[in-house]
2 protein chains.
Amino acid sequence: MFYLIGIGLGDAKDITVKGLEVVKSSKRVYLEAYTSILTVGKEALESFYGREVILADRDMVEQASDELMEGADTEDISFLVVGDPLGATTHTDLILRAVEKNIPYFVIHNASIMNAIGCCGLQLYNYGETVSIVFWTEDWQPESFYDKILVNRERGMHTLCLLDIKMKEQTIENLMKGRPIYEPPRFLSASQAAQQLLDIVERRDKDQKTDADLTPSSICVAVARVGASDQKISTATLKEMAALDMGPPLHSMVIPGHMHPLEKQMLRLFAASDQVKNDLASEDER
Amino acid sequence: MFYLIGIGLGDAKDITVKGLEVVKSSKRVYLEAYTSILTVGKEALESFYGREVILADRDMVEQASDELMEGADTEDISFLVVGDPLGATTHTDLILRAVEKNIPYFVIHNASIMNAIGCCGLQLYNYGETVSIVFWTEDWQPESFYDKILVNRERGMHTLCLLDIKMKEQTIENLMKGRPIYEPPRFLSASQAAQQLLDIVERRDKDQKTDADLTPSSICVAVARVGASDQKISTATLKEMAALDMGPPLHSMVIPGHMHPLEKQMLRLFAASDQVKNDLASEDER
């Protein structure tokens, strides 16, 4: 059996009991290591599982699936994914390849940021389309995520913003010379994402604005290391957020749409300033 | 500490290792028993945890939170929720009450249908707003979920439809006489939901139609008992779905929007008929 196993978001102990049993009895255990990270490393997983864990990078997963699934028709192979295997990043292509090879598969689900974002208090069924905010470069500064946020806000919906992750990047020079030297991984922080949104807001300042448009004082929510013991949630204005240090990765951000009183009350728990606390107060508390 | 612990969707072993450790060392363990069910009962949980589990019904959670959280300032109390504690059903009100009482809280996340629906192969970030389809009665047949599905489809987005659950219902007679006698729980099936959608389609048949409108041959996806060993996924036309038996609860349904080739390929794995298989075939396979 080829098992796709979600290992959750926090640390080694966020795997399910069912998942752990499969890992312990598998012939080989792979860890998908290019779309997300846990707050703990491969070594912590190996020590907790009592098993060797093989890092699977994008090339291996996309091009060497024969190797990955070898023997899975008669033995158990585990493929671990941070969060849920079919969550923010989808591994349906692996399922399709398993089916093609007549290899049975089973998915062991877990929390992913797509549902654990509920921790900030905004209700999951009030979210619209999820967006990705990418690292801007000097000459590539897409704004499409902002337009999607507006579409959601026009309908009163919240937007979960997944923040860019750059793993195994190469400099142009190393790429040209074919040297397998990679840059350290980079993770877009909530403050960087807020700054990019502010830049867009400023650029569009001359356009005709609607109520859905963001301003520097729009409320946003940042979450960091969800599920870990040092998880942090902050509610701030966009301007405040651009200067806020949420600590080590991974970060995500939410741009609220219309908020119900209970949602406002929850966001107040995480207010980064008195101004935000006041903005989120119910009418009779002001 | 007051722990809100997601126990996932399948069976007793879908709790995380972290969650199980907390359950084992908690003073009291509650199971929220009115918004969802596992495929296994309370007894299976008790035997797996080696602990007594107290069923918490809606009255207890909403009105007796003092009792629920008693002692949580000095000892650990566990509150178990099927899926994720802040998933499809939110328990943020409990968090707010804990904070008010100066009781520390911690959320242990898990898979919920809001992310595990990824199992059908439609990508989570292509979903719009989630809707709830309720049991119709003779004189109460709301259609608002259909309009929300259309709004999503107009933008090419998929719609996750959560299907109604009726727990602890009373007949009018028992209610009037104050007798604490409850009807057996009821769960809206995917086929009932499909039939209600077909009824709406028929009623609106005279209206001006758009491409987003559903027809009896629109493709839909049903999932049943996600995460359990007898999980079932079926892709069918709306008309076929209305006659399809997905087995025991819980069921959920997805109405796809625009589908990418990889998404179509995944849905084909679960096709209930040759017609659906053909509808989902890529151009060069036809």
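Proteins come first, then strands; the chains are lettered A, B, ... in the order of their sequence lines, and each starts at number 1.
- Both the backbone and the side chain of B:M266 come within contact range of chain A, with heavy atoms under 4.5 Å apart.
- Side-chain atoms of B:T159 and B:N152 include a donor-acceptor pair closer than 3.5 Å.
- Between chain B and the options A:G128, A:G83, A:C119, A:G227, heavy-atom pairs under 4.5 Å are most frequent for A:C119.
- Remark: the B:H260 side chain and the B:Q123 side chain contain no N/O donor-acceptor pair separated by less than 3.5 Å.
- Contacts with chain A (heavy atom to heavy atom, under 4.5 Å) involve these residues of residues 4-13 of chain B, listed by number: B:D11, B:K13.
- Contacts between B:V131 and chain A at a heavy-atom distance below 4.5 Å are absent for every atom of the residue.
- A donor-acceptor contact shorter than 3.5 Å is absent between the side chain of A:D73 and the backbone of A:M1.
- No hydrogens or angles considered: a donor-acceptor pair under 3.5 Å links the side chains of A:N115 and B:S112.
- Residue contact with chain A, scored on non-hydrogen atoms closer than 4.5 Å, involves the backbone and the side chain of B:L262 alike.
- Counting heavy-atom neighbours within 6.0 Å of B:K277 NZ, excluding the residue itself, gives a total of 12 or less.
- Although no hydrogens or angles enter the test, the distance criterion places no donor-acceptor pair under 3.5 Å between the side chain of B:D84 and the main chain of A:A111.
- Ranked by heavy-atom pairs shorter than 4.5 Å toward chain B, the options A:L20, A:L160, A:L96 are led by A:L96.
- For B:I95, the part sitting under 4.5 Å from any heavy atom of chain A is the side chain, from C-beta outward, and nothing else.
- Put simply, of B:G19, B:S132, B:A116, the one with the most heavy-atom pairs under 4.5 Å next to chain A is B:A116.
- Distance alone, capped at 3.5 Å, is enough to place a donor-acceptor pair between the A:H158 side chain and the A:G257 backbone.
- Ion pair B:E129/A:R155 flagged as a salt bridge, since at least one NZ, NE, NH1 or NH2 atom sits closer than 4.0 Å to an Asp/Glu carboxylate oxygen.
- For the side chain to side chain contact (heavy atoms under 4.5 Å, CB included) with A:I117, the qualifying choice from A:I233, A:V223, A:V221, A:T130 is A:V223, the only one to do so.
- For B:E21, the part sitting under 4.5 Å from any heavy atom of chain A is the side chain, from C-beta outward, and nothing else.
- A:D230 CG: more than 12 foreign heavy atoms inside a 6.0 Å radius.
- When each of B:I108, B:V107, B:D14 is checked for heavy-atom pairs under 4.5 Å with chain A, B:D14 comes out on top.
- Only the side chain of B:V99 comes within less than 4.5 Å of a heavy atom of chain A; its backbone N, CA, C and O stay farther away.
- Interface remark: B:N126 contributes no atoms to any contact with chain A (heavy atom separation under 4.5 Å).
- For the residue pair B:F135 and B:L188, the shortest heavy atom distance occurs at CZ-N, 3.3 Å.
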